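This report refers to the structure that appears directly beneath it.
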There are 2 protein chains.
Amino acid sequence: MSAVSQANVADERLKVFNTELCPVRDVLDRIGDKWSTLLLLTLGEGPHRFGALKRAVPDISQRMLTQTLRDLQRDGMISRTVFPTQPPSVEYRLTPMGASILAPLRALSDWADAHHAAIKVARAAFDEDKG
Amino acid sequence: MSAVSQANVADERLKVFNTELCPVRDVLDRIGDKWSTLLLLTLGEGPHRFGALKRAVPDISQRMLTQTLRDLQRDGMISRTVFPTQPPSVEYRLTPMGASILAPLRALSDWADAHHAAIKVARAAFDEDKG
DNA sequence: CGGAATCCAGCCCGATACTG
DNA sequence: CAGTATCGGGCTGGATTCCG
């Protein structure tokens with residue numbers, strides 16, 4: 001990681017996104033882990049039980065659902081409540097911090113809806129040029 | 001993929017995030033590919049040459065920089081201009097569509113800055129409980 | 001129902017070397 | 001300077017099986 005100090009002195013005031021200086025990296029890595037965002041958005045509609053989350057995101061595996069929920073819980077984004085019923089049921093819901101990321105996430109989701117068509121067109125055009 | 005039709009009829013009006021119905025998935029997969037967001041944010045400050053991007057994101061490899069730029073170009077997010085100088089120089093800049101995603105991205109980035117400390121605390125607390 | 005544990009394929013991505 | 005090509009390790013994540 002000595003490349004960092006090199007880069008700092010080397011350049012004309014470029015913003016540098018390096019791992020330790022940059023909270024963005026830390027958070028974005030989670031957003032980008034393929035399932036976190038979808039689960040957060042789903043939980044944004046209200047608390048869900050394990051099985052309900054699985055149905056809301058059909059192609060997630062049980063393994064990744066469990067793991068992603070643990071990670072989100074670890075980061076303080078969601079809370080996990082076990083109801084000692086028979087059979088047991090577990091409810092997940094957003095914490096205040098988890099709820100606070102919904103707005104940025106929805107902004108991104110809205111952007112995706114709005115531009116998805118344009119992106120598909122751009123991809124097709126690009127791919128055609130290359131053959 | 002027949003699990004989809006199952007899920008649709010099975011439940012009480014849950015929003016279902018499945019791949020083909022869901023532009024969000026398509027876009028979020030790119031956001032999450034570890035480098036795209038950082039490059040978009042960097043290009044949001046202005047056009048950059050290849051080498052400048054490499055310095056702005058120090059721990060990206062040449063390979064991933066090239067590949068990520070290609071993908072972003074393919075999606076119509078950035079444009080690539082070659083100047084026939086000696087040695088050659090190549091400038092990357094955001095397209096209008098690429099620029100339009102900056103606001104949501106920055107909202108997320110700002111959220112990350114604001115909550116990074118809280119997340120670290122939550123992680124530490126969670127990890128201590130488990131030992 | 002909600003998980004945990006194990007096994008294993010695939011790809012992501014970094015390191016390295018070569019080009020115009 | 002701005003790439004391309006190739007190799008290979010590691011981690012992601014799916015499938016399956018078992019538990020309370």
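Not measured: the values here are computed from a predicted model. All chains are named by letter (A, B, ...) in the order of the sequence lines, taking the proteins before the strands, and each is independently numbered beginning at 1.
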### Query
After noting the C-alpha distance and the side-chain angles of A:L108 and B:L108, does the key distance pass the side chain to side chain contact (heavy atoms under 4.5 Å, CB included) rule?
CA-CA 9 Å; A:L108 214 55; B:L108 214 55; 4.1 Å; yes
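- At least one side-chain heavy atom of A:L39 sits under 4.5 Å from a side-chain heavy atom of A:L65.
- By the criterion of side-chain heavy atoms lying less than 4.5 angstrom apart, applied directly or through intervening Ile, Leu, Val, Met, Phe, Trp or Tyr residues, A:L53 is not grouped with A:F83; the two fall into different hydrophobic clusters.
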Find every protein N or O atom lying less than 3.5 Å from an N or O atom of nucleotides 10-16 of chain C, and list the pairs.
| unit_1 | atom_1 | unit_2 | atom_2 | d |
| --- | --- | --- | --- | --- |
| C:dC13 | N4 | B:R63 | NH2 | 3.4 |
| C:dG14 | OP2 | B:S61 | OG | 3.0 |
| C:dG14 | O6 | B:R63 | NE | 3.0 |

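- The shortest distance between side-chain heavy atoms of B:L40 and B:I78 falls below 4.5 Å.
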### Query
Yes or no on side chain to side chain contact (heavy atoms under 4.5 Å, CB included) for B:L102 and B:L41, after CA distance, side-chain angles and deciding distance?
CA-CA 7 Å; B:L102 279 180; B:L41 251 24; 4.2 Å; yes
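- Note that the two end axes of the helix from C:dC1-D:dG20 to C:dG20-D:dC1 enclose an angle of 40°, each drawn from 5 base pairs, rounded to 10 degrees.
- Here chain B contacts DNA chain D (any atom closer than 4.0 Å to a heavy atom, that is under 4.0 Å), and the contacts span D:dC1 to D:dT6 from 5' to 3'.
- Listed by first and then second residue, the salt bridge (Lys or Arg N to Asp or Glu O under 4.0 Å) pairs that reach into residues 76-92 of chain A are A:E91-A:R93, sequence neighbours excluded.
- Annotation: side chain of B:F50 is in contact with side chain of B:L69 (closest heavy-atom distance under 4.5 Å).
- Between B:R106 and B:P104, the closest side-chain pair of non-hydrogen atoms is not below 4.5 Å.
- Taking a 4.0 Å limit (strictly below) on heavy-atom distances, residues 69-87 of chain A does not reach DNA chain D anywhere.
- The ring-ring contact (aromatic ring centres under 6.0 Å, His included) test applied to A:W35 returns no partner, not counting sequence neighbours.
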### Query
After noting the C-alpha distance and the side-chain angles of B:K34 and B:T68, does the key distance pass the side chain to side chain contact (heavy atoms under 4.5 Å, CB included) rule?
CA-CA 9 Å; B:K34 188 179 185 184; B:T68 306; over 6 Å; no
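- In this structure, B:R25 and A:D59 have side chains that are in contact, with non-hydrogen atoms separated by less than 4.5 Å.
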### Query
How far apart are the C-alpha atoms of A:D75 and B:R123, what are their side-chain angles, what is the distance that settles it, and do they pass the side chain to side chain contact (heavy atoms under 4.5 Å, CB included) test?
CA-CA 5 Å; A:D75 283 6; B:R123 281 181 193 168; 2.7 Å; yes
